[in-house]
Amino acid sequence: VMTVKLTAPANSISLAIYAPNGSTVKPLDLNLTWSGTLPADGDYRLDVFNALGLGASDVPYTLEVSVAGNCMDLSRTLKTLGVTHFNICGQTDAAGRAKISVIHIFQRPEDVPLGGLLQDINVTIETSTPLNDPNSLVVGDMNYDGFDDFRIIKNLPAGPNIPYLYYLYVPTTRQFVYSEAYANITSPEFIGNSQIRSQWRESAAKWGIDTYTITNNIPKLTQRETWEALNATQVTHRIMVFDANGTSQVILDEVIPMP
């Protein structure tokens, strides 16, 4: 996957990209970003032209080119943003699980107008992401701000507690930013009303559901409901609520039949 980004004054520079055999990879136009899978090995030519015409003064520009291998392209349609490509790059084992190093995010001119997204995210957290699972990357509004974000599976544990890396979209910068605040939310359900429900299992005998409420893009734990086996037929069922300071209060504590 090659990613090209030209930075220059508006409408002053045009860019074209040609394959080793001379065929056009990107036609000459004013779109200064491009990312995609290269069709063949060899030397690619990038043509940069002064779009202001003959006799115009020199135009300053910056050209950035990056090439990455061992990538898988996952495309998703994001609310308000359109078709977006996520090139997941890193080392992949025989089972198709990836130790992700970089996520290349881009939009193609044929999918969106000029000015599509273009971002590289360096992943420093070790992952074992099952890229052959179509649900490994999920898009959706995860902080209830009206814009789609994305999360990607960190690894697949033996139990049901599936951890994710969460990236929230910042509309003012048009960038996705990793959120450490979401790191403990496993197997999430976005149930509306600025709430997230997270299922977890501590052991064969104890499991629960945590409810978080989003405030200023930060999920705060507001309720924890647990079930813990007493014997083969009964469990302790407990509901605990948390205030803004993190102080907890048990509002239900009962013994019920095994659900």
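Just so you know, these numbers come straight off a predicted model, no measurement behind them.
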Participant: Could you tell me whether the side chain of Ser136 and the main chain of Ile152 form a donor-acceptor pair under 3.5 Å?
Facilitator: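 No; judged by distance alone, with no hydrogens or angles, the pair does not exist.
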Participant: Tell me if a side-chain donor or acceptor on Tyr144 pairs with a main-chain N or O of Gly192 at a distance below 3.5 Å.
Facilitator: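 Looks like yes, one N/O pair under 3.5 Å.
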Participant: Quick one: CD1 on Ile103 to CG on Leu137, what's the gap to the nearest 0.5 Å?
Facilitator: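 With rounding to 0.5 Å, CD1 (Ile103) is 7.0 Å from CG (Leu137).
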Participant: Just jot down the side chain to side chain donor-acceptor pair (under 3.5 Å) partners of Gln199, sequence neighbours excluded, or say none.
Facilitator: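 Here the qualifying residues are Glu189.
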Participant: Look at the side chain of Gln107 and the backbone N and O of Leu117, then say whether any donor-acceptor pair between them is shorter than 3.5 Å.
Facilitator: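 Side chain of Gln107 to backbone of Leu117: a pair is present.
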Participant: Taking Ser198 for the side chain and Pro188 for the main chain, is one N or O donor matched with an acceptor at less than 3.5 Å?
Facilitator: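 Looks like no, no N/O pair under 3.5 Å.
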Participant: Are the side chain of Lys220 and the backbone N or O of Ala244 linked by a donor-acceptor pair below 3.5 Å?
Facilitator: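 Side chain of Lys220 to backbone of Ala244: no pair is present.
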Participant: With a 4.5 Å heavy-atom cut-off, do Asp43 and Pro20 have their side chains touching?
Facilitator: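 In short, these two side chains do not touch, never coming nearer than 4.5 Å.
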Participant: Nearest 0.5 Å, what's the OG1-CG distance between Thr62 and Leu32?
Facilitator: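 If I round to the nearest 0.5 Å, the distance is 11.5 Å.
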Participant: Whether the side chain of Tyr164 engages the backbone of Val138 through a donor-acceptor N/O pair (distance < 3.5 Å, no angle test) should be reported.
Facilitator: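 Judged by distance alone, no pair lies under 3.5 Å.
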Participant: In this structure, would Leu46 and Val25 fall into the same cluster of hydrophobic residues linked by side-chain contacts under 4.5 Å?
Facilitator: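 Leu46 clusters together with Val25.
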Participant: Should the ring pair Trp227 and Trp207 be called parallel, tilted or perpendicular, given that the plane angle runs from 0 to 90° and is split at 30 and 60?
Facilitator: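 Parallel, since the angle between the ring planes stays under 30°.
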Participant: Examine the side chains of Asn245 and Thr247 and answer whether a donor and an acceptor come within less than 3.5 Å of each other.
Facilitator: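 No donor-acceptor contact under 3.5 Å links the two side chains.
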